[in-house]
Trainee: 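Next up is a structure, given as structure tokens.
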Amino acid sequence: MKKALITGITGQDGSYLAKLLLEKGYAVAGLIRRTSNSEYSLARLDWQNITSDITFFEGDITDISSIQRAIINFEPNEVYNLAAQSFVHTSWDQPILTGQTDGVGAVNVLESIRLVNKDIRFYQASTSEMYGLIQQERQTENTPFYPRSPYAAAKLYAHWMTVNYRESFDMYACSGILFNHESPLRGVEFVTRKVTSGVAKIKLGLAENLSLGNIDAKRDWGHAKDYVKGMWLMLQQDQAEDYVLATGLTTTVRDMCEIAFNHVGLNPQDHVEIDEKLFRPAEVDVLLGNATKAKQKLGWQPSISLEEMIKEMVDEDISRLSLNLSL
């Protein structure tokens, strides 16, 4: 039986990845931080009915000793580093924390693997935000990076350190440069979930308006279920390489709002308010990925459209709010 250790297992990607690996017959463990409300932190795993199937180790990727203990005790074949301070806007207010978690934290995991068992395969969650001020119309694995936030800069450090460990220590270490991927398990601080949750509240009469920032920003949006399959595929290859995962389509926040509001018979122009405080200090205007390499080498393809995903998210938010459930 293969074993996989996932940092960030309580997040959107971690919970979907855990379910995928369990379905493939893996033993799955997660590194989790103790919080004052630990029951809520497992909500995404509970939502998928897999919490009882997972082994948990208390720890933090900023604490290398806790990572090493988890690896020594669980003896995984694969480690997926998904833990991060992942809200871009917050990274300007907490740049040092973001750097320690998203940058140095990844190196803590890499160094733990190097010291404990170099045969472990490692996946790093890189991000399309590293492209920032885009240098090519469609971004590939070879497109130069130009990070436009502390979050993106920290992730870029982790990305290049993954390459460095692969080349310096002959480790199977790879990064997935994932473009935006969402789901009903996305946090409400992210724009897609903010929109679908806001639409659900307005539909149910719990709110009248939805405040947003730059609704003309363009993103390449896919479904997290599709993207965690790509993560797993990257660790099943003969050689470790970095891959872009993207749909190859870009959509404005404005158009995404249209899909969400139209799904419940509402007009976004009647409810959307623009709040300049929600604009980023340095905006990433457009992201559009080219996943040709992943399609050719991994056989990976996105299968869920943006419209299908947004409708699913709206329906789930309406259901949760109707039942007074939180996620």
Side-chain angles (χ1 to χ4, degrees), residues 8-20 22-23 30 32 35-54 82 86-87 89-90 180-213 215 219 221-228 247 251-275 277-278 302-327:
I9 195 169
T10 59
Q12 170 191 258
D13 292 5
S15 58
Y16 277 123
L17 178 62
K19 184 172 184 179
L20 174 70
L22 288 168
E23 290 172 347
I32 58 171
T35 66
S36 59
N37 193 1
S38 58
E39 182 178 350
Y40 174 74
S41 71
L42 300 177
R44 292 179 178 86
L45 301 172
D46 291 340
W47 191 79
Q48 299 194 98
N49 298 313
I50 58 174
T51 305
S52 61
D53 299 321
I54 296 168
L82 311 184
S86 56
F87 189 38
H89 202 281
T90 296
N180 296 64
H181 47 287
E182 318 296 326
S183 76
L185 299 184
R186 176 56 98 184
V188 292
E189 67 272 22
F190 292 85
V191 67
T192 46
R193 181 75 192 290
K194 183 177 183 180
V195 167
T196 62
S197 177
V199 167
K201 289 177 181 177
I202 294 168
K203 180 63 177 178
L204 294 173
L206 302 175
E208 294 184 2
N209 298 307
L210 172 63
S211 294
L212 296 172
I215 62 173
R219 293 293 183 270
W221 276 301
H223 199 296
K225 280 185 178 180
D226 286 333
Y227 285 57
V228 298
T247 68
T251 308
T252 63
V253 176
R254 185 191 302 273
D255 289 340
M256 185 263 291
C257 287
E258 290 275 356
I259 296 171
F261 277 98
N262 290 343
H263 181 54
V264 295
L266 296 173
N267 186 345
Q269 295 178 358
D270 296 333
H271 302 283
V272 173
E273 298 178 336
I274 303 302
D275 184 349
K277 295 194 296 292
L278 298 177
S303 64
I304 303 171
S305 71
L306 173 64
E307 187 169 351
E308 291 171 330
M309 179 184 73
I310 294 300
K311 289 179 178 179
E312 177 194 10
M313 292 172 67
V314 171
D315 290 343
E316 287 294 339
D317 276 322
I318 289 175
S319 177
R320 289 191 193 110
L321 288 168
S322 300
L323 298 172
N324 198 29
L325 298 176
S326 298
L327 184 60

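Heavy atoms only: backbone and side chains are in, while hydrogens, waters and symmetry mates are out.
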Trainee: What's the shortest heavy-atom distance between Thr247 and Pro302, and which atoms?
Mentor: CA-CG, 4.2 Å
Trainee: Would you call Trp221 and Ile310 a side-chain contact if the rule is heavy atoms closer than 4.5 Å?
Mentor: no
Trainee: Could you measure the distance from the CD1 atom of Ile259 to the OG atom of Ser305? Nearest 0.5 Å is fine.
Mentor: 8.0 Å
Trainee: Measure the OG1-CG distance between Thr51 and Asn49 for me, rounded to the nearest 0.5 Å.
Mentor: 8.0 Å
Trainee: Compare all side-chain heavy atoms of His223 with those of Glu312 and state whether any distance is below 4.5 angstrom.
Mentor: yes
Trainee: When rounded to the nearest 0.5 angstrom, what is the spacing between CD1 in Ile318 and CG in Leu321?
Mentor: 8.0 Å
Trainee: For Glu273, I'd like to know if atom CD has over 12 heavy atoms of other residues, nucleotides or ligands within 6.0 Å.
Mentor: yes
Trainee: Would you call Glu307 and Lys311 a salt bridge, taking side-chain N to carboxylate O under 4.0 Å as the test?
Mentor: yes
Trainee: I'd like to check Leu42 versus Thr10 (side-chain heavy atoms, cut-off strictly below 4.5 Å). Are they in contact?
Mentor: yes
Trainee: With a 4.5 Å cut-off on side-chain heavy atoms, are Tyr227 and Gln12 touching?
Mentor: no
Trainee: Does any part of the side chain of Met256, heavy atoms only, come nearer than 4.5 Å to the side chain of Thr192, both counted from C-beta?
Mentor: yes
Trainee: Would you say Lys194 and Leu278 make side-chain contact, with heavy atoms under 4.5 Å?
Mentor: yes
Trainee: Go through the steps to decide whether Arg219 and Val191 satisfy the test side chain to side chain contact (heavy atoms under 4.5 Å, CB included), and finish with yes or no.
Mentor: CA-CA 11 Å; Arg219 293 293 183 270; Val191 67; over 6 Å; no
Trainee: Working to the nearest 0.5 angstrom, can you tell me the gap between His271 NE2 and Lys203 NZ?
Mentor: 9.5 Å
Trainee: Rounded to the nearest 0.5 Å, what's the gap from CD on Glu316 to OG1 on Thr196? Could you check?
Mentor: 10.0 Å
Trainee: Could you state the interatomic distance from CG (Asp315) to NE2 (His263), rounded to the nearest 0.5 Å?
Mentor: 3.5 Å
Trainee: May I ask you to test the Ser183-Tyr16 pair for a side-chain heavy-atom distance under 4.5 Å?
Mentor: yes
Trainee: Restricting to non-hydrogen atoms, name the atom on Val195 and the atom on Ala260 that form the minimum distance, rounded to 0.1 Å.
Mentor: CG1-CB, 3.8 Å
Trainee: Within the supplied structure, the quantity of interest is the number of heavy atoms (other residues, nucleotides, ligands) at a distance under 6.0 Å from Glu23 CD; does it exceed 12?
Mentor: yes
Trainee: For side chain to side chain contact (heavy atoms under 4.5 Å, CB included), just list the numbers for Cys257 and Leu212, CA-CA rounded to whole Å, side-chain angles, deciding distance to a tenth of an Å, and then say yes or no.
Mentor: CA-CA 10 Å; Cys257 287; Leu212 296 172; 3.5 Å; yes
Trainee: If you compare all heavy atoms of Pro184 against all heavy atoms of Arg320, which two are closest, and at what distance to 0.1 Å?
Mentor: O-NH2, 2.8 Å
Trainee: Using the side-chain contact (heavy atoms from CB on, under 4.5 Å) definition, which of the options Leu82, Ile54, Leu17 pairs with Ile9?
Mentor: Ile54
Trainee: If I compare all heavy atoms of Ile50 with all of Ala18, which pair ends up nearest, and what's the gap?
Mentor: CD1-CB, 4.0 Å
Trainee: Kindly determine whether Phe261 and Asp270 satisfy side chain to side chain contact (heavy atoms under 4.5 Å, CB included), including the steps that lead there.
Mentor: CA-CA 10 Å; Phe261 277 98; Asp270 296 333; over 6 Å; no
Trainee: Does any part of the side chain of Val228, heavy atoms only, come nearer than 4.5 Å to the side chain of Lys19, both counted from C-beta?
Mentor: no
Trainee: Do NZ/NE/NH1/NH2 and the carboxylate oxygens of Asp317 and Arg193 come within less than 4.0 Å?
Mentor: yes
Trainee: What closest approach, in Å, do Glu189 and Phe87 show between heavy atoms, and which atom pair accounts for it?
Mentor: O-CE1, 2.9 Å
Trainee: Locate the shortest heavy-atom distance separating Arg186 from His181; write the atom from each residue and the value.
Mentor: NH2-O, 3.0 Å
